[in-house]
Amino acid sequence: MDNNSIAKILYEVGEYLEMQEVPFKPRAYEKVAQVIESLEEPVLEIYKKGGLKAVEEIQGVGLSIAEKIEELLKTGKLKYYDQLKKKTPVNLSELSKIEGLGPKGIKKLYQKLGIKDMADLEKAAKAGKIGKLAGFGPKSEENILKGIGFAKSFGGRFLIGSVMPGIRQIQNRLRGLNNVKRVEVAGSTRRRKETIGDADFLVISDKPKEIMDYFVAMPEVLKVLAHGDTKSSVKLRNGMNADLRVLPEESYGAALNYFTGSKTHNVALRQIAIKKGLTLSEYGLFKGTAEKRGKLIAGKTEEEIYEALGMDYIEPEMREMTGEIEASLRQAQGKPNGLPKLIKYGEIKGDLQIQTNWTDGENSIEEMAEAAIKDGLEYIAITDHTKRLAMTNGLDEKRILKQMAEIDALNLKLKTKNLKLRILKGSECDILKDGSMDLPDSILSKLDVVGASVHSLFNLPQKEQTARIVRAMRNPNVDILFHPTGRILQRREPYAVDMDEIIKVAKETGTILEINASERADLKDEYIKKCVEAGVKMAIDSDSHTANHFSSIEYGIAQARRGWAEKKDIINAWPVEKMLSFLKK
DNA sequence: GCCGTTTTCGGCCCGACTGTTTTCAGTCG
């Protein structure tokens, strides 16, 4: 049993206990689930090496939960969980996806109406049964229906950050096989979309059968959907489909291009080919028409295909038909407004949003610093929450001053150890209802980096919400607007905010807009592109709450690349002094 | 159920909003 599966069950145990109004235990289970979810080492390994004792060493795990984990690892089941589930046999993970619906509501709906899953819920809501229930009303019913629509519209897609490690594992194992020359992942994974539907593996090999047999027998495979000579398709245990195609070397580039998409991008390329009297397919670029196919002109690499079409190579992240075809043609013809030189993976030097155990993070400042060094970062800003966010134990004036002193001491310590990392003093300061800040300017002005965040009142009308944020941006101590639209992928829609106005004010005030690399993925690509065009600078932050979250910066870079951003647009791709001198004074 | 340079027992889970009520339960960050 893997970490995610263990975490899922522990989350559900917490929710079931919440239903029964058991005090404190739900938090305990939830905390452990969070820790296990972000653990790098499989719990199974920890248990194998050190037994129950080692499992108890995991943050937040005591004897009772350790024994439950042991039971899960040994039997794949948990009696305690099964008992809880028997009392309220509902599809928790499905129902709790619906925003505004929590354990108590789920319990009531089950007891009064026998609702077990989303289908039951939708039926009851549409029949007007929920609005008549005590404690619910017409508004709740409407919200539930909206929530169902929201959950459905993302059905079957997976957050790239959550499935990428597994995809890479498969890719690496395929690469290690005999008779395999190359393995790439195409599709939306290669375009680095925020969410991906399935994984398309492309393999060059002379011995396709061996590869196919291996692929369908992998431990991740739940069900084999197809098992052929050059194409196989499986459903993985995480619910995602994966395809594998084996290709001949000479058409590899064409196939990679074809299977990478996007579809509309491919159609545009084929139209350009036709105008030149050529035909483009997954097998290559040929002379003549599809019916009367002539000689193969290009196909081995993507580069030679674009070149033969009179274009410059277009990075996969840009292949969304948002002007990349025209830009590529202009570039190849030596005209202005060509393709951007996208920021590269690995070019981020610092991370400007990090939470620690001073608030809702799991690790100390020092542990975060050590992890940052390991990840090759040159600087990090500690940006814990502020007091309004009481649930996170947000910092007040007194505690943040104390934290600043600790950071000074830590920087000194790093220096004496000859370590290159610089820790910056920062804050993720709440924006209050009227747009004022949760900490006084006398404190904010002492910090190196001040991020401002909306964490409340998501439902303000657009005009009011925009004015509130704009006021915060006009504060001379506010450097960065964190997660500017408030959305969380597959969980929460952005609040109503006029982004054109925000970008305009960002330009005017020199406020940086954040590209949050966590599951928020906020800004989204279209706003990044607008920022680039407007000359508004951005920062790619991991929003790390644990020491192993820095790796998510990669997804922030992917997001930036999809928004056509270059190194010059991203301030934390710059050295620390240059970055700091760009912030508001 | 976990945790401890305040405690091995007694804290932890705060504050505001929403939608439902007519004083408050449920949800969220």
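Only a predicted model underlies this, so the values are computations on that prediction, with no experimental measurement involved. A, B, ... follow the sequence lines: proteins, then strands. Residue 1 opens every chain. All values below come from the heavy atoms of this structure, side chains included, with hydrogens, waters and symmetry mates left out.
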Residues in residues 45-63 of chain A with a heavy atom under 4.0 Å of DNA chain B, by number, are A:G60, A:V61, A:G62, A:L63
Do A:K425 and A:K446 make a side-chain contact, defined as non-hydrogen atoms from C-beta onward lying under 4.5 Å apart? no
In this structure, how many angstroms lie between the P atom of B:dG11 and the NZ atom of A:K25, rounded? 19 Å
On a whole-Å scale, what distance lies between the P atoms belonging to B:dG11 and B:dT6? 16 Å
Here's a test of your reading of the structure: between A:I488 and A:S456, which maps to the more 5' nucleotide of DNA chain B? A:S456
Using whole Å, report how far CG of A:N357 lies from P of B:dG4. 12 Å
Work out which heavy atom in A:I98 is nearest to a heavy atom in A:I144; give both atom names and the distance. CG2-O, 4.2 Å
Taking only the P atom of each, what is the distance from B:dA25 to B:dT21 in whole angstrom? 13 Å
If you compare every side-chain N and O of A:K68 against the phosphate oxygens of B:dG1 (OP1, OP2), does one of them come in below 4.0 Å? yes
Among B:dC2, B:dG29, B:dC12, the one nearest A:F24 by side-chain distance: B:dC12
How many Å lie between CG on A:L17 and P on B:dG1, as a whole number? 8 Å
If only side-chain N and O atoms of A:S64 are considered, is one of them under 4.0 Å from the OP1 or OP2 phosphate oxygen of B:dG1? yes
State whether the side chain of A:N572 and the backbone N or O of A:I540 hold a donor-acceptor pair below 3.5 Å, judged by distance alone. yes
I'd like a table of atom pairs between the protein and nucleotides 18-28 of chain B - only N or O on both sides, under 3.5 Å - with the distance next to each one.
unit_1	atom_1	unit_2	atom_2	d
B:dG19	OP1	A:N143	ND2	3.4
B:dG19	O3'	A:S140	OG	3.2
B:dT20	OP1	A:G137	N	2.5
B:dT20	OP1	A:G137	O	3.0
B:dT20	OP1	A:P138	N	3.4
B:dT20	OP1	A:K139	N	3.4
B:dT20	OP1	A:S140	N	3.1
B:dT20	OP1	A:S140	OG	2.7
B:dT27	OP1	A:G102	N	2.5
B:dT27	OP1	A:G102	O	3.0
B:dT27	OP1	A:G105	N	3.0
B:dT27	OP2	A:K104	N	3.2
B:dC28	OP1	A:G100	N	3.1

Quick one: look up who B:dT8 pairs with, Watson-Crick or G-U, both distances under 3.5 Å, and put none if it's unpaired. none
Atom NZ of residue position A:K507 - does it have more than 12 heavy atoms of other residues, nucleotides or ligands inside 6.0 Å? no
Distance in angstrom units between A:I65 CD1 and B:dC2 C1', rounded: 8 Å
Send over the distance from A:R27 CZ to B:dC12 P, rounded to a whole Å. 13 Å
Check the distance between B:dC2's P and A:Y29's OH and give it to me in whole angstrom. 7 Å
Expressed in whole Å, how much space separates the P atoms belonging to B:dA16 and B:dT23? 23 Å
To the nearest Å, how far apart are A:L389 CG and B:dA16 C1'? 11 Å
With a cut-off of 3.5 Å and sequence neighbours excluded, list every side-chain donor-acceptor pair involving residues 498-505 of chain A.
unit_1	atom_1	unit_2	atom_2	d
A:D498	OD1	A:D500	N	3.1
A:D498	OD1	A:E501	N	3.2
A:D500	OD1	A:K530	NZ	3.0

What I want to check is whether the side chains of A:Q59 and A:E362 have a donor and an acceptor closer together than 3.5 Å. no
Distance between C1' atoms of B:dG26 and B:dC13 (Å, rounded): 14 Å
Look at A:E194 together with A:R487 and state whether they make a salt bridge at an N to O cut-off of under 4.0 Å. yes
Distance check, P atoms only: B:dG15 and B:dT20, in whole angstrom units. 26 Å
Note: for A:Y80 and A:K387 on DNA chain B, the residue whose nearest nucleotide lies more 5' is A:Y80
Pairwise P distance, B:dG10 and B:dC17 [rounded to whole Å]: 36 Å
Given the C1' atoms of B:dC12 and B:dG19, what is the spacing between them in whole Å? 29 Å
Do A:N143 and A:S140 get their side chains close enough for a donor-acceptor pair, meaning under 3.5 Å? no
Expressed in angstrom and rounded to an integer, what is the separation of A:L10 atom CG from B:dG1 atom P? 12 Å
Please say whether more than 12 non-hydrogen atoms of neighbouring residues, nucleotides or ligands are located less than 6.0 Å from NZ in A:K387. yes
Test item: A:D375 side-chain N/O and A:L377 main-chain N/O as donor-acceptor pair under 3.5 Å: no
Mind checking if A:K107 touches a base, just sugar-phosphate, or nothing, with heavy atoms under 4.0 Å? nothing
Whether the side chain of A:D351 engages the backbone of A:S542 through a donor-acceptor N/O pair (distance < 3.5 Å, no angle test) should be reported. yes
